[in-house]
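Reading through the structure tokens given below for one structure.
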Number of protein chains: 2
Amino acid sequence: MRKGEETRTRILDVAEAAVLQKGFGGTSIEELIAETGITKSGFFYHFRDKNELAKALLNRYIENDERIYDEIFSRARDLTDDPLQTFLLGLKLLSELLSDLPNGHPGCLVATVCYYERLFDREIQETNRNAVLAWRRRFGRMLRDIMEVYPPREPINVDQLADMVSSVLEGGIVLSKTLKEPNTLAEQVLMLRTFVKMLFLPVAEMPRA
Amino acid sequence: MRKGEETRTRILDVAEAAVLQKGFGGTSIEELIAETGITKSGFFYHFRDKNELAKALLNRYIENDERIYDEIFSRARDLTDDPLQTFLLGLKLLSELLSDLPNGHPGCLVATVCYYERLFDREIQETNRNAVLAWRRRFGRMLRDIMEVYPPREPINVDQLADMVSSVLEGGIVLSKTLKEPNTLAEQVLMLRTFVKMLFLPVAEMPRA
DNA sequence: TCCCCTCCTGCACCGGCGGTACAGTTTTGA
DNA sequence: TCAAAACTGTACCGCCGGTGCAGGAGGGGA
């Protein structure tokens, strides 16, 4: 039936916004049901407890996150065949997407879960871990493609460089939110882009990608 | 009087560890008093409410954080006069300090507060903001010293590069904690070091700092 | 048309927690 | 020794997460 899914989605929408602002512990089920206009019984019909809500929330967030990266880098691939240019263009597109967010990035659920770990079960922690590993694989794959064509100027570990993309994103979100400077995150992504460009592009030529 | 301060410190120690694992919302006052062996009345004698505990916790954390950076970079300055070498050495020392942490980095309170913002008052949010701005000023100062001697290979904004240090640290902590790979954070710092080195060091010479 | 299944509502209740209030007690340093 | 500091003990409040269960609306298939 349709109606159930719709309500479930509405709860998840409200919950996601609340959790990103106040953390899981700071978000009460009572406030969620108040905002969605559902009763407590209705809530517990959809989610057995808070842990299951968190699970659903995290899974949905990660799926959406992956979809966004897929879109961005496939758009980049449509525009160039060169793996380095694809990556640089992808970072550019990402930074544009981030700076277009009206109120800045709302926060990353992976980080929220990370700073709340002890109260969740192993399954949710594993989900979170796998999400970060998926980022590592995604960016690592692209970086390996680049390295087949462009020898890096300095010896680097691919996984560590791939992780740096995640680091700068996660850290940039924290900085942006804390400083209340929405643009900081986008700037950090461009800074990372400069790094990647410098690492792989020959000294002589410096075309804009 | 001494005794009061001692108890206060013990509460803060227990609270800091708990908050970094479970967030503010996930940490109950009852568990804190159980672990410190104090009564509820005793707790509220030291802190008016949870918000004041958070305030004290954050201020202490930030002070300690600043002290650590002061020590690291003053040690680096003792070993070399060159501003670039000082910075690179400082990052190296920092990464060593981080990889020596027995159970990995426990987490950053600034990030915790960032992901819990809405439940705190303006004062605590301002404190958090100022902490990040202090990082920006600290690293920015060092980078400006570098740029007076070494022209950067690519045009960069100093504040944004300074922020990148904070980004990589905050992001590295999230990755390290989520992946349960304590070493990831230290590796990320070294990765950043590679970036800074590449940005400022002339192409020809590549001495190890 | 009837009935079943999904999708809820309403209500009563529990225990934990943040917080208040306040009286009394021990500890400590001048 | 004495006052202030640093607590303890007790009783209480309201919110919240969570349980249990009975019942009802509404739509889709037989």
Side-chain angles (χ1 to χ4, degrees), chain A residues 1-58 60 112-113 115-121 123-124, chain B residues 1-58 60 112-113 115-121 123-124:
Chain A
M1 291 205 172
R2 269 288 100 79
K3 185 87 180 304
E5 277 305 307
E6 191 191 297
T7 306
R8 202 185 139 92
T9 302
R10 224 169 61 242
I11 296 174
L12 286 173
D13 287 340
V14 172
E16 185 170 318
V19 165
L20 287 174
Q21 281 196 339
K22 297 174 291 192
F24 281 100
T27 301
S28 73
I29 292 178
E30 313 251 348
E31 89 183 74
L32 297 182
I33 67 179
E35 202 162 335
T36 47
I38 209 178
T39 60
K40 208 184 227 189
S41 314
F43 175 88
F44 283 106
Y45 171 79
H46 288 287
F47 305 98
R48 203 182 310 126
D49 51 27
K50 226 181 176 184
N51 195 72
E52 199 164 286
L53 171 69
K55 219 176 282 181
L57 220 48
L58 183 61
R60 197 181 73 143
T112 304
V113 168
Y115 274 107
Y116 203 67
E117 53 172 308
R118 266 274 156 249
L119 291 199
F120 291 129
D121 55 24
E123 187 188 339
I124 215 167
Chain B
M1 292 201 176
R2 266 291 99 80
K3 184 86 181 306
E5 278 304 308
E6 191 191 298
T7 306
R8 203 184 138 93
T9 302
R10 224 169 61 243
I11 296 174
L12 287 173
D13 288 340
V14 172
E16 184 170 318
V19 165
L20 287 174
Q21 281 195 341
K22 298 175 289 190
F24 281 100
T27 301
S28 72
I29 292 178
E30 312 252 349
E31 91 183 72
L32 297 182
I33 67 178
E35 201 162 336
T36 47
I38 208 178
T39 60
K40 208 184 224 187
S41 315
F43 175 88
F44 284 107
Y45 172 78
H46 287 287
F47 305 97
R48 202 182 312 125
D49 52 27
K50 226 180 176 185
N51 194 73
E52 199 164 287
L53 171 69
K55 217 177 284 181
L57 221 47
L58 183 60
R60 196 181 73 143
T112 303
V113 168
Y115 275 107
Y116 202 66
E117 52 172 308
R118 267 274 157 250
L119 291 198
F120 290 129
D121 56 24
E123 187 188 340
I124 215 167

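Note on naming: letters A, B, ... go to the chains in the order of the sequence lines (proteins, then strands), and numbering restarts at 1 for each one.
- Rounded to whole Å, the distance from CG on Leu32(A) to C1' on dC15(D) is 15 Å.
- One finds a side-chain N or O of Tyr45(A) lying less than 4.0 angstrom from the OP1 or OP2 phosphate oxygen of dC7(C).
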Distances under 3.5 Å between protein N/O atoms and the N/O atoms of nucleotides 15-19 of chain C, please, pair by pair.
residue : atom : partner  : partner atom : Å
dG18(C) : OP1  : Thr27(B) : O            : 3.4
dG18(C) : OP1  : Ile29(B) : N            : 2.9
dG18(C) : OP2  : Ile29(B) : N            : 2.8
dG18(C) : OP2  : Glu30(B) : N            : 3.2
dG18(C) : N7   : Lys40(B) : NZ           : 3.1
dG19(C) : OP2  : Lys50(B) : N            : 3.1
dG19(C) : N7   : Lys40(B) : NZ           : 3.2
dG19(C) : O6   : Lys40(B) : NZ           : 3.2

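- Applying the side chain to side chain donor-acceptor pair (under 3.5 Å) rule to pairs touching residues 49-58 of chain B yields Arg48(B)-Glu52(B), Asn51(B)-Asp121(B), Lys55(B)-Glu123(B), sequence neighbours excluded.
- The nucleotide whose nearest atom lies closest to any side-chain atom of Ile38(A) is, among dT9(C), dT8(D), dA6(D), dT9(C).
- Taking the side chain as every heavy atom from C-beta outward, Ile33(A) and Ile11(A) never approach each other to under 4.5 Å.
- Rounded to whole Å, the distance from CZ on Phe47(A) to C1' on dC8(C) is 14 Å.
- Exactly one of Leu32(B), Val19(B), Thr9(B), Thr27(B) qualifies for a side chain to side chain contact (heavy atoms under 4.5 Å, CB included) with Val14(B). That residue is Leu32(B).
- For His46(B), a side-chain nitrogen or oxygen approaches OP1 or OP2 of dC7(D) to under 4.0 Å.
- As rounded to whole Å, 13 Å separates atom P of dA6(D) from atom CZ of Arg10(B).
- At a threshold of 4.5 Å between non-hydrogen side-chain atoms, the residues Thr36(A) and Phe43(A) do not count as touching.
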Could you list the protein-to-nucleotides 22-25 of chain C atom pairs, N/O on both sides, closer than 3.5 Å?
none

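- When side chains are defined from C-beta on, Tyr116(A) does not count as touching Tyr115(B), because their heavy atoms never get closer than 4.5 Å.
- Between Lys40(B) and Glu30(B), the shortest heavy-atom contact is NZ-OE2, 3.0 Å.
- Within the 4.5 Å cutoff, no side-chain heavy atoms of Leu57(A) are placed close to those of Phe47(A).
- A 4.5 Å side-chain heavy-atom check between Arg60(B) and Asp13(B) finds at least one atom pair inside the cut-off.
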